[in-house]
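Take a look at the structure below.
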There are 2 protein chains.
Amino acid sequence: MNRVRIVVVDDHALFRRGLISLLEEMPEFHVVGEAANGQEALTVIERIRPDVVLLDINMPILDGIQTLAALRKKDASQKVLMLTISQNDDDLIGAIVAGANGYVLKNTEPDTLKNTILQVHAGNSVLSPEVTARVLQAVRRSQTDRNRGLLSEREIEVLKCLARGQTTAQIASVLFISENTVKTHIRHILEKMEVNNRAEAVAKAAQMDLL
Amino acid sequence: MNRVRIVVVDDHALFRRGLISLLEEMPEFHVVGEAANGQEALTVIERIRPDVVLLDINMPILDGIQTLAALRKKDASQKVLMLTISQNDDDLIGAIVAGANGYVLKNTEPDTLKNTILQVHAGNSVLSPEVTARVLQAVRRSQTDRNRGLLSEREIEVLKCLARGQTTAQIASVLFISENTVKTHIRHILEKMEVNNRAEAVAKAAQMDLL
DNA sequence: AAAGCGGGTGATTTCTTCATCACCCTTACA
DNA sequence: TGTAAGGGTGATGAAGAAATCACCCGCTTT
């Protein structure tokens, strides 16, 4: 049975070599190349064309994300698994935008790393559990911001009043504006949320975390 | 050792009962309640307070996402694992925004479901492999849209010209505007991207998938 | 010295969005 | 019949963003 051909990219020689030893001990894998920075990685990957690339993020000259972005310009199908210590959102989102097939932390157990590499090789996208949690948080935040950006501040105020069951007249009184102004805001809310009436708007707003 | 206390919420009686049988056969779990719709689920969950809730999405009266949104208003810490057939992005993003701790497809093997429930119970966020891929795609798309929204259409045009190595004069000629206008666009690009010169801007744009 | 190039400051006009309001129609209820 | 409420069309003014342009300076190359 064919071994999965791997290239390891990491600027720390000890870590890289240690990881290579570990992987070579596993009958499923064959390490066919290595690189200490992004520039070198691009050359090695283009020449060897491995099944999977293990790619660190924090590296000199060209970091892992820039490396991946450059790689994707040439090869959209190369499987790349980020293997990094970084849990900060910018790195995580940057790697995803650049097209990473997986994102795994260096605290991962060898056995878990083995399964992860096999999963990526099989075509799946894989994240470390802590990373999954961060990604879900990032999606939640991003989508909530996007939802919130759909409406103006005033429209959100009006929507909250609607959610409390207030009538047009009551809302006008609370916000010190005319009923006609309230109606205009409501019209824009219905248009932007693509609903037909205020009940639907309130239900959708609850779902969009706008209240 | 304590068994994980589970509530199963699904409108299809046969599926729900079958799943309950399956889970009861596993020594790690104890099914302490069940519900056939979201309304009922809210009542059952509040009364029983299980360790983990398995929650379908497509249900009558109150779907799984609305149920979860309502539940989160009362209990931010309840572990909820979506168990659904749906792979569409709106459901997926909706569940995440509503605060799901995990999202698993109904084609999951029983053993994998077991591990997933244990992971969620342990505090981790878990996704099915196919779902992970979709989430990564959604993040990529969302972030690219957000990046794109940072600059106006014209600024993006100018940035693309810069990426081709064109000078201010060349860009002016290509876009039929004056060199001074090109410079103003570039100034705004540098400001918005928080970089110091056009080389940095191009590098960052590549990373942000703006080219 | 002149030309080419990038980076900087400032100004004007146009367009879009936001917030405001008036008026009309329909339905339901007292 | 009158009142209450929601939904619809249209208008105006202010603020901010977008797109445009002029002019100046420093550095490098010819």
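Within every chain, numbering begins at 1; the chains are lettered A, B, ... in the order of the sequence lines, protein sequences first and strands thereafter.
- Note on Asp209(A) versus Arg148(A): no salt bridge recorded, every NZ/NE/NH1/NH2 to OD/OE distance being 4.0 Å or above.
- With salt bridges taken as basic N to acidic carboxylate O contacts below 4.0 Å, one links Arg49(B) and Asp75(B).
- Between Asn196(A) atom CG and dG6(D) atom P there is a gap of 16 Å when expressed in whole angstrom units.
- One finds the OG atom of Ser152(A) at 6.5 Å from the NE2 atom of His185(A) (value rounded to the nearest 0.5 Å).
- Thr84(A) places a side-chain N or O within 3.5 Å of a backbone atom of Ser86(A) that can act as its donor or acceptor partner.
- As rounded to whole Å, 11 Å separates atom P of dG7(D) from atom CD1 of Ile189(A).
- The distance from atom CG of Leu159(B) to atom C1' of dA19(D) is 17 Å, rounded to the nearest whole Å.
- Taking atom CD1 of Ile171(B) as the reference point, atom C1' of dG6(C) lies 11 Å away to the nearest angstrom.
- Between the CZ atom of Arg198(B) and the C1' atom of dG8(C) there is a distance of 12 Å, given to the nearest Å.
- In this structure, Glu194(B) does not pair ionically with Lys204(B), as no charged nitrogen and carboxylate oxygen lie closer than 4.0 Å.
- More than 12 heavy atoms of other shown residues, nucleotides or ligands fall within 6.0 angstrom of atom CD in Glu191(A).
- Contacts between residues 199-211 of chain B and DNA chain C, defined by a heavy-atom separation below 4.0 Å, involve no residue at all.
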Footprint string (nucleotides 17-30 of chain C, 5' to 3'): B base within contact, S backbone only, - free, heavy atoms under 4.0 Å: -SSBBBB-------
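- Classification of Asp56(A) and Arg16(A) as a salt-bridged pair fails, no side-chain N sitting under 4.0 Å from a carboxylate O.
- We find that CG of Asn197(B) is positioned 17 Å from P of dC5(C), with the value rounded to whole Å.
- Of the residues in residues 163-170 of chain B, Thr167(B), Thr168(B) come within less than 4.0 Å of DNA chain C through at least one heavy atom, sorted by number.
- Pairing each heavy atom of Met193(B) with each of Ala201(B), the nearest pair is CE-O, 3.6 Å.
- Ionic pairing of Asp145(B) and Arg140(B) is not present here: no N-O contact between side-chain nitrogen and carboxylate oxygen is shorter than 4.0 angstrom.
- Taking the charged nitrogens against the carboxylate oxygens, Asp51(A) and Lys79(A) have no contact shorter than 4.0 Å, which rules out a salt bridge.
- Around the CZ atom of Arg164(B), the shell of radius 6.0 Å holds more than 12 heavy atoms that belong to other residues, nucleotides or ligands.
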